[in-house]
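Here's the structure we're looking at; comments come further down.
Hydrogens, waters and symmetry mates are skipped; everything else that's a heavy atom, side chains included, is used. Lettering of chains follows the sequences in order, A, B, ..., and the numbering in each one begins at 1. Small disclaimer: the values here were computed from a predicted structure and weren't measured.
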Amino acid sequence: MTPEEAVAEQLRLAPSVVPRAAEGFAPRVAAGLDVAYDGDRLVAAAACVDIETGERLDSAVVEGRTAFPYVPGLFAYRELPALRDALAALPASPDVLICDGHGIAHPRRFGLACHLGVVTGIPAVGVAKNPLGEYSPPARERGSWTPLTLDADEVGRALRTQDGVKPVFVSVGHLIDIDTATGLVLRLARRHRQPETTRAADHLCRAASVRTPGPRSRPAGG
DNA sequence: GCGACAG
DNA sequence: ATCTTGTCGC
């Protein structure tokens, strides 16, 4: 698929995003998703966490090959295939996806979290480390937030998950509203800047990547 | 025209 | 994302 076709597909799928939670939405299991790279090889991980207790539940790790370059705005085309494989490898489907990237806080309002949510039908939230739009620094205290703006639209929030740390950027992915998404991210990020789901997935795929012989893997060491 | 630009 | 030493703090 070419970048032009990818853009056309995003424009076609964007209207499918449902920016609100279904009646009685009460997620119990959240899945964190992340990918680690080693040249053109990659490892994707899905890690489930009990939202109530924080307990680590099922997880899955899969490997694959890079099929699309990193292009801002088309990030999903690089990680989506592997992330779908990781989700499919889970013994049970999670109630909500916590994605490492943006949802509607995207040029065409269809970032990774939206794409993943729409193709799986699972509610999804986007949590990015850096903004695409503009924002004013939130108050220093954990829980405070300010609007994230893009093209004069309020597309998400800059949320402070820990006192004095750089905020994370939360946006709606699919089948959830921004308030619910914000509360969920805050609950999942009790002790660190990033939600436990994202941290768990990051550790898993990174560890798997290190143990996998690849093109330009470490010269020596183990 | 030039730079910026989720991971 | 990944390349990289030391350093501050719980």
Side-chain angles (χ1 to χ4, degrees), chain A residues 3 6-7 10 14 17 32-47 61-84 86 97-118 124-135 142 148-151 153 155-159 161-174 181 185 189-195 197-221:
Chain A
V7 168
Q10 292 184 319
V17 171
L33 304 164
D34 196 23
V35 175
Y37 297 86
D38 180 32
D40 63 338
R41 302 287 302 143
L42 60 78
V43 176
V61 176
V62 300
E63 63 178 284
R65 220 168 252 291
T66 304
F68 205 88
Y70 167 64
V71 180
L74 297 181
F75 175 54
Y77 290 83
R78 185 173 172 72
E79 304 197 336
L80 202 66
L83 292 178
R84 293 186 70 171
L97 308 177
I98 304 301
C99 308
D100 196 2
H102 294 292
I104 62 175
H106 174 278
R108 290 168 289 282
R109 308 297 184 269
F110 200 69
L112 175 65
C114 296
H115 207 143
L116 213 37
V118 167
V125 175
V127 180
K129 304 178 198 63
N130 296 291
L132 278 180
E134 308 74 51
Y135 74 100
R142 162 185 157 81
L148 173 59
T149 301
L150 211 170
D151 303 321
D153 284 341
V155 296
R157 294 175 177 174
L159 174 67
T161 54
Q162 297 297 321
D163 291 4
V165 304
K166 177 180 176 177
V168 293
F169 304 87
V170 182
S171 60
V172 167
H174 188 50
V185 171
R190 284 294 182 188
R191 326 180 44 167
H192 302 278
R193 179 192 178 220
Q194 293 281 343
T197 38
T198 301
R199 289 171 51 81
D202 180 81
H203 291 163
L204 287 174
C205 62
R206 189 170 302 195
S209 181
V210 164
R211 313 181 48 253
T212 304
R216 15 162 255 202
S217 49
R218 289 57 43 189

Q: Kindly compute the distance separating CG (A/L97) from OG1 (A/T197), expressed to the nearest 0.5 Å.
A: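 A/L97 atom CG to A/T197 atom OG1 measures 10.0 Å (nearest 0.5 Å).
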Is [X] touching bases, backbone alone, or none of the nucleic acid, heavy atoms closer than 4.0 Å?
X      : result
A/L83  : nothing
A/G126 : nothing
A/L42  : nothing

Q: Begin with the C-alpha distance, continue with both residues' side-chain angles, and end with the deciding distance and a verdict on side-chain contact (heavy atoms from CB on, under 4.5 Å) for A/K129 and A/D100.
A: CA-CA 8 Å; A/K129 304 178 198 63; A/D100 196 2; 2.9 Å; yes
With no hydrogens and no angle check, is any side-chain donor or acceptor of [X] less than 3.5 Å from a backbone partner on [Y]?
X      : Y      : value
A/E63  : A/V43  : no
A/E134 : A/D151 : no
A/R109 : A/C114 : no
A/R41  : A/S209 : no
A/Q194 : A/V168 : no
A/R142 : A/T161 : yes

Q) Hey, do the aromatic rings of A/H115 and A/Y77 have their centres closer than 6.0 Å? A)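 Here the rings of A/Y77 and A/H115 have centres that are less than 6.0 Å from each other.
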Q | Protein-nucleotide distance (A/N130, atom CG; C/dT2, atom P), rounded to Å | A |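 It is 15 Å, rounded to the nearest whole Å.
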Q. What's the CZ-C1' distance between A/R78 and C/dT2, to the nearest Å?
A.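 Taking atom C1' of C/dT2 as the reference, CZ of A/R78 is at 11 Å.
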Q. Is it true that the side chains of A/E79 and A/Y70 contain a donor and an acceptor less than 3.5 Å apart?
A.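 A/Y70 and A/E79 do not have a side-chain donor-acceptor pair below 3.5 Å.
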**Q.** Base-pairing string, 5' to 3', of DNA chain B - Watson-Crick or wobble, under 3.5 Å, | interstrand
**A.** .......
Q | Interface limits on DNA chain B, where chain A has a heavy atom under 4.0 Å of a nucleotide atom | A |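 Listed 5' to 3', the contact boundaries are B/dC5 to B/dG7.
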Q | Footprint string (nucleotides 5-10 of chain C, 5' to 3'): B base within contact, S backbone only, - free, heavy atoms under 4.0 Å | A | ------
Q.
More than 12 heavy atoms of other residues, nucleotides or ligands under 6.0 Å from CZ of A/R84: yes or no?
A.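 Atom CZ in A/R84 is not crowded, with 12 or fewer foreign heavy atoms closer than 6.0 Å.
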